[in-house]
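In what follows, a structure is listed as structure tokens, so that the remarks can point back to it.
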Amino acid sequence: MTATIPDHRDICISCAEMAGDKELNLLWDLLGESIGLSYLLHDGPNFVVIPGAGAIVPGYTLVIPRPHILSMGFLDPSLDEEFTHLLAGVTAWAEAEFGREAHIFEHGAKNFREKGGACADHAHTQVVPLGPTDRFVAQLRSDFTTTASTSYLHSARTTVELGNGDPYLYTHSASHGGAVAVATGAKSQYFRRLMAAHDERPDEWDGPIFPGTDNMRRTLAAGQNLHRYL
């Protein structure tokens, strides 16, 4: 008999937030239950968009698949077109609302142990308006085996190989293109450390300690316009 491997969705913060469950709902813990489900800036059948906790800057936003998967490398290919369209819309919204070029990030977990720096057990893609910089691609190339990427989801899948490959780190911006790195041994919140340094607050990278609630509220307010870009 094959043993069942737990997927931990019963203790998943993302699943709780998507369902509007009080238990484990980090957004309600940080912003108060009075916001209701307004934090679901986009509430689709397959994906949601929410303000990210640990918001280093206003506009720090997460695109989350409803299926409980570890990273976007595990996404059902039938959802690729929807995800790609949604991610482009969220990126355009972030840039228009906050006036800075947006960067896309993902810590791509291979399994529950080799997580590529991910701090959650549910896939999520970060969209962050930080302005034009090559810092993230350059640091990836310095720290890991890194290749240029013209297709986010293809790079994610071919790296993680449904758990038989490697964890990965992915980033993209319009100015500097995309890159994917084999992220074995990546520090937790790897990209957040770089974001904090870029924003000249190098000691404020730890999301649970520095949730950035004021920035989250600004994202929540601006999110009422997101539908115009989708």
Side-chain angles (χ1 to χ4, degrees), residues 13-14 17 26-32 35 38-42 47-64 72 86-108 116-120 122-140 143 152 169-179 186-230:
I13 290 172
S14 295
E17 290 171 343
L26 179 60
L27 292 176
W28 280 350
D29 288 344
L30 292 173
L31 301 179
I35 66 171
S38 66
Y39 61 77
L40 295 173
L41 308 181
H42 170 76
F47 300 95
V48 302
V49 178
I50 66 172
I56 290 175
V57 296
Y60 178 80
T61 307
L62 306 182
V63 181
I64 305 177
M72 296 306 293
L86 177 60
L87 185 60
V90 173
T91 301
W93 161 82
E95 292 181 342
E97 291 289 330
F98 297 99
R100 303 168 84 185
E101 182 176 65
H103 294 251
I104 295 167
F105 303 103
E106 189 197 0
H107 300 87
C119 58
H122 193 121
H124 56 285
T125 299
Q126 305 170 58
V127 179
V128 193
L130 292 162
T133 176
D134 68 350
R135 173 190 293 266
F136 308 109
V137 172
Q139 195 65 51
L140 274 189
D143 292 343
Y152 175 10
L169 288 159
Y170 175 84
T171 186
H172 178 274
S173 69
S175 293
H176 298 285
K187 292 180 179 179
S188 178
Q189 304 181 71
Y190 173 86
F191 279 129
R192 189 188 300 278
R193 295 169 190 261
L194 298 185
M195 288 183 232
H198 175 71
D199 207 49
E200 300 183 348
R201 291 180 290 143
D203 297 326
E204 298 182 19
W205 57 267
D206 193 344
I209 297 175
F210 301 98
T213 52
D214 288 343
N215 289 336
M216 292 175 69
R217 292 188 185 280
R218 289 182 61 184
T219 305
L220 182 65
Q224 307 314 306
N225 297 324
L226 175 59
H227 67 279
R228 301 176 183 173
Y229 298 84
L230 304 181

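Excluded from the calculations below are hydrogen atoms, water molecules and symmetry mates; all remaining heavy atoms, backbone and side chain alike, are included.
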Using the test salt bridge (Lys or Arg N to Asp or Glu O under 4.0 Å), find all partners of [X] that sit at least two apart in sequence or belong to another chain.
X    : result
D29  : none
R217 : none
E204 : R201

Quick check against the 3.5 Å criterion: does [X] have a side-chain atom that pairs as donor or acceptor with the backbone of [Y]?
X    : Y    : value
E106 : M72  : yes
W93  : A88  : no
H107 : F191 : yes
E101 : E95  : no

Side chain to side chain, [X] and [Y], heavy atoms closer than 4.5 Å:
X    : Y    : answer
W28  : I35  : yes
T61  : P51  : no
V57  : F98  : no
L86  : L230 : yes
F210 : D203 : no
Q126 : I104 : no
F105 : M195 : yes

Residues, nucleotides or ligands: over 12 heavy atoms within 6.0 Å of Q224 CD = yes
Given P58, which of D214, N215, V128 fulfils the side-chain contact (heavy atoms from CB on, under 4.5 Å) condition?
-> N215
Looking at E17, H124, M216, H42, which hits side-chain contact (heavy atoms from CB on, under 4.5 Å) with I50?
-> E17
Verify whether the ring centers belonging to F136 and H103 lie closer than 6.0 Å.
-> yes
Over-ring placement of R192 relative to W205, 6.0 Å and 45° cut-offs | no
So, for [X] and [Y], which heavy atoms are closest and what is the spacing to 0.1 Å?
X    : Y    : value
G59  : P129 : O-CD, 3.5 Å
G52  : L62  : CA-CG, 3.8 Å
S188 : C119 : OG-CB, 4.3 Å
I56  : A196 : CD1-N, 3.7 Å
A123 : I64  : O-CG2, 3.6 Å
A222 : E97  : CB-OE1, 3.8 Å

Looking at CG of L226 and CG of L40, how far apart are the two atoms once the value is rounded to the nearest 0.5 Å?
-> 11.5 Å
Say you draw a straight line from NE2 of H176 to OG1 of T133; how long is it, rounded to the nearest 0.5 Å?
-> 6.0 Å
Y152 and T125: side chain donor to acceptor below 3.5 Å | yes
Decide yes or no on side chain to side chain contact (heavy atoms under 4.5 Å, CB included) for L169 and Y190, but give the supporting numbers first.
-> CA-CA 9 Å; L169 288 159; Y190 173 86; 3.7 Å; yes
Go through the steps to decide whether L140 and T171 satisfy the test side chain to side chain contact (heavy atoms under 4.5 Å, CB included), and finish with yes or no.
-> CA-CA 9 Å; L140 274 189; T171 186; 3.8 Å; yes
Full working for side chain to side chain contact (heavy atoms under 4.5 Å, CB included) between L27 and L220 = CA-CA 11 Å; L27 292 176; L220 182 65; over 6 Å; no
